[in-house]
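Any value given below was found using the heavy atoms of this structure, including those in side chains, with hydrogens, waters and symmetry copies removed. Everything quoted here is computed from the prediction, not taken from an experiment. Start at 1 and go down the list; that is how both ligands and their atoms are numbered. Position 1 is the first residue of the sequence; numbering continues from there.
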Amino acid sequence: MADSYNGVPIPRDGARIAYKEDRCQVPPNPIIPYIEGDGTGRDIWKAAVRVFDAAVERAYRGERRVVWYEIFAGEKAKAKFNDWLPQDSVEAIRDFRVAIKGPLTTPVGGGIRSLNVTLRQVLDLYACVRPVKYYKGTPSPVRHPERMDVVIFRENTEDVYAGIEWEQGSKEASKLIDFINREMLKGGKKQVRADSGVGIKPISVFATKRLARMAIRHALENRRKTVTLVHKGNIQKFTEGAFRKWGYELASEEFRNQIVTERESWILDNKDKNPNLSSEDNGALIEPGLEYAPEEFRSSVYQEVRSVLESIYRSHGHGEWKNKLMVNDRIADSIFQQVVTRPDEYAVLATPNLNGDYISDACAAQVGGLGIAPGANIGDGYAVFEATHGTAPKYADRDVINPGSVMLSGVMMFRYLGWGEVADLIENGLERTIEQKTVTYDFHRLMEGATKVTTSQFANHIIHNMGARVLVNA
Ligand code: NAP
């Protein structure tokens with residue numbers, strides 16, 4: 001490993017985070033690389049790092065502390081090294097394993113390596129994780145925003161985001177369309193129109209299962225009640241439908257004793273309520289209208305009932321299933337309604353890439369929007385935490401923007417490191433400050449009787465509200 005990155009020596013007073021047996025091993029003085037970010041990134045990072053340090057100090061009284069290590073990307077890297085994304089910055093994140101970043105300018109016109117895409121590939125950060133919960137006092141467009149408390153695990157490496165697509169009119173598009181029409185759809189009624197652009201949507205067993213595994217582990221470790229597989233499998237059977245199927249497979253292959261699927265819970269519940277129920281009658285209860293279905297389908301349902309009862313009634317029956325993590329699934333369009341009408345029925349959502357992109361923003365909009373929406377890209381042993389919004393350049397260096405998003409990304413980071421006390425302090429300080437109606441401009445314009453403060457004053461209030469010393473006054 002290098003002793004400096006981008007010519008900046010590694011701090012001598014910190015130690016590296018290690019990773020063994022699926023767990024991060026965090027020293028009391030971990031070196032954590034950070035990228036300040038462009039535009040308002042500068043404002044929010046300055047405010048956030050004071051809050052982080054104050055919370056760590058308050059929680060551990062000097063026994064633990066983060067040794068921050070600046071690395072460069074975006075405008076600052078371009079100015080210093082004439083490189084938007086120096087290789088050293090990527091390597092520092094790989095070597096130190098955990099990093100936090102502000103938003104970066106994406107120069108218009110392309111041709112620039114994107115940090116997020118590069119890191120996703122180099123470190124295989126296969127899950128985009130977005131917790132969405134309500135902090136009291138936050139302005140919201142819904143009547144009961146407090147009912148929302150979900151964590152979304154969005155698959156990060158495939159689906160229509162794989163970037164495998166060809167422009168309408170290109171040689172490649174014509175070649176592919178020709179092949180599909182002549183070879184794959186030959187003799188059928190379907191044909192792809194010759195003037196189409198085409199894209200490929202790969203969804204693999206491997207990527208689906210590791211994403212489902214991470215979501216289920218998170219739910220178990222945090223005692224959440226459900227994991228919901230979100231998909232559009234009624235239409236896209238072999239991609240989205242397969243995501244659902246492989247998600248369930250993974251759940252029962254690897255977590256059999258700790259989980260129950262929703263369908264299994266119906267079968268077990270029917271049996272609990274009526275121990276003498278036949279498999280046929282049990283099947284009829286879980287599949288209304290079964291008596292009119294083709295013989296083959298009916299037999300498959302009866303077989304399913306028998307197999308569930310034989311394999312898990314002993315461990316999951318007599319109400320035991322109620323203590324297990326429920327794994328269910330919802331079709332994407334219905335989950336969009338449900339997160340508005342009954343958000344409290346959901347805790348962890350596992351989704352393919354595109355659905356996850358949409359549903360994260362739809363959920364975040366209910367509880368305060370971009371200004372306080374945190375996120376992380378996580379792989380096995382690597383994690384990069386980041387504000388989910390952009391650089392909001394018109395507010396840059398004006399000390400007005402809401403730093404909540406990067407602060408809550410820090411909350412995620414501290415939980416990931418196992419420093420839950422720090423995360424709690426930051427969350428409580430933030431919530432109390434919003435409850436006191438002391439807020440930045442974005443919340444101020446949506447709240448009555450609120451006091452508008454600057455980014456740095458907002459940080460001071462949070463620090464004060466967590467009971468720590470405010471070290472730098474705005
Ligand atoms: P944006 O920077 O997210 O800002 C759009 C609007 O969202 C702002 O004008 C502001 O709305 C609101 N907003 C964003 N962050 C806020 C915060 N912390 N507090 C309060 N309000 C906030 O989106 P953009 O203007 O489309 O993108 C600007 C640049 O950021 C582009 O170069 C883009 O490529 C880049 N970008 C980077 C990332 C990343 O690095 N992860 C992500 C997205 C975009 P009001 O004007 O209504 O106050």
*asked:* Could you check whether K101 pairs with E386 (Lys NZ or Arg NE/NH1/NH2 to Asp/Glu carboxylate O, under 4.0 Å)?
replied: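 Salt bridge between K101 and E386, a charged N being under 4.0 Å from a carboxylate O: yes.
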
Report all protein residues having a heavy-atom distance below 4.0 Å to some atom of ligand 1; order the list by chain, then number.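 Near ligand 1, by chain and number: K101, P103, L104, T105, T106, L370, G371, E386, H389, G390, T391, A392, P393, K394, Y395, I401, N402, Y441, D442, R445.
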
Tell me whether R217 is salt-bridged to D22, with the criterion being a basic N under 4.0 Å from an acidic carboxylate O.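 Result for this pair is yes, salt bridge flagged.
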
Under the 6.0 Å and 45° cation-pi test, does R154 pair with Y161?
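Positive - R154 is close enough to the ring of Y161 and near enough to its axis.
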
query: So, is the end of the R16 side chain (NZ or CZ) under 6.0 Å from the ring centre of F96 and within 45° of the ring's axis?
result: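 Because its charged atom sits under 6.0 Å from the ring centre and within 45° of the axis, R16 does stack over F96.
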
Does Y60 have any side chain to side chain donor-acceptor pair (under 3.5 Å) partners at least two apart in sequence or in another chain, and if so, which?
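Scan of Y60 (side chain to side chain donor-acceptor pair (under 3.5 Å), adjacent residues dropped) gives R64, E421.
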
- Reference residue K201; test salt bridge (charged side-chain N to carboxylate O under 4.0 Å, His left out); the match among E240, E155, E165: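 One option only clears the test, and that one is E240.
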
